[in-house]
Amino acid sequence: MRARADGHQVVVLHAERIAPVDLARTRLVEVVNVTSAPRVTLDVTGSTDVEETVRDATGALMGNRRFTLGPGLYSLTVPPSGLLSLRLLH
């Protein structure tokens with residue numbers, strides 16, 4: 001399931017599928033991992049620097065880093081019932 005409004009995208013993964021993420025006109029992408037898998041796969045279009053924040057099911061911070069996200073497939077660590085936030089730095 002995907003929703004987008006005012007530069008904010010939310011993707012909820014109920015199954016181990018590749019989630020399309022379009023970085024155009026976006027300031028924040030949030031991916032909720034509702035699967036039992038420890039990773040999510042994103043198919044990214046666009047390119048920019050991002051700040052990644054990962055939280056577990058309790059909201060505890062699991063990681064934070066900055067990197068360049070470009071077009072292609074990315075497999076990112078997100079614990080089951082966890083949240084991945086990608087804040088675009090453009």
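Nothing fancy with the numbering, it's 1 onward along the sequence. Excluded from the calculations below are hydrogen atoms, water molecules and symmetry mates; all remaining heavy atoms, backbone and side chain alike, are included.
- Rounding to the nearest 0.5 Å gives a distance of 8.5 Å between CG of Asn64 and CZ of Arg55.
- Using a 4.5 Å cut-off on side-chain heavy atoms (C-beta onward), Leu86 and Leu69 make contact.
- Considering only residues two or more places apart in sequence or on other chains, Arg65 meets the salt bridge (charged side-chain N to carboxylate O under 4.0 Å, His left out) condition with Glu52.
- Contact detail for Leu28 and Ser85: the closest heavy-atom pair is CD1-CB, 4.4 Å.
- Smallest separation of non-hydrogen atoms from Ala57 and Pro80: CB-O, 4.3 Å.
- For the pair Leu23 and Ser47, the tightest heavy-atom approach, listed with the atom from each and the gap, is CD1-N, 3.8 Å.
- Minimum interatomic distance between Arg27 and Asp6 (heavy atoms only, all atoms of both residues): NH2-O, 2.8 Å.
- When all heavy atoms of Tyr74 and Thr68 are compared, the closest pair comes out as OH-O, 4.3 Å.
- Nearest heavy-atom pair across Leu73 and Asp43 is CD2-CB, 3.6 Å.
- Evaluation of the side chain to side chain contact (heavy atoms under 4.5 Å, CB included) rule for Ala3 yields no partner, not counting sequence neighbours.
- Residue Arg39 holds its CZ atom at 7.0 Å from CG of Leu76, rounded to the nearest 0.5 Å.
- A side-chain contact (heavy atoms from CB on, under 4.5 Å) with Leu84 is found for one member of Thr53, Val11, Leu42, Asn33 and no other, namely Leu42.
- Remark: side-chain polar atoms of Gln9 are not paired, donor with acceptor, to backbone N or O of Val21 under 3.5 angstrom.
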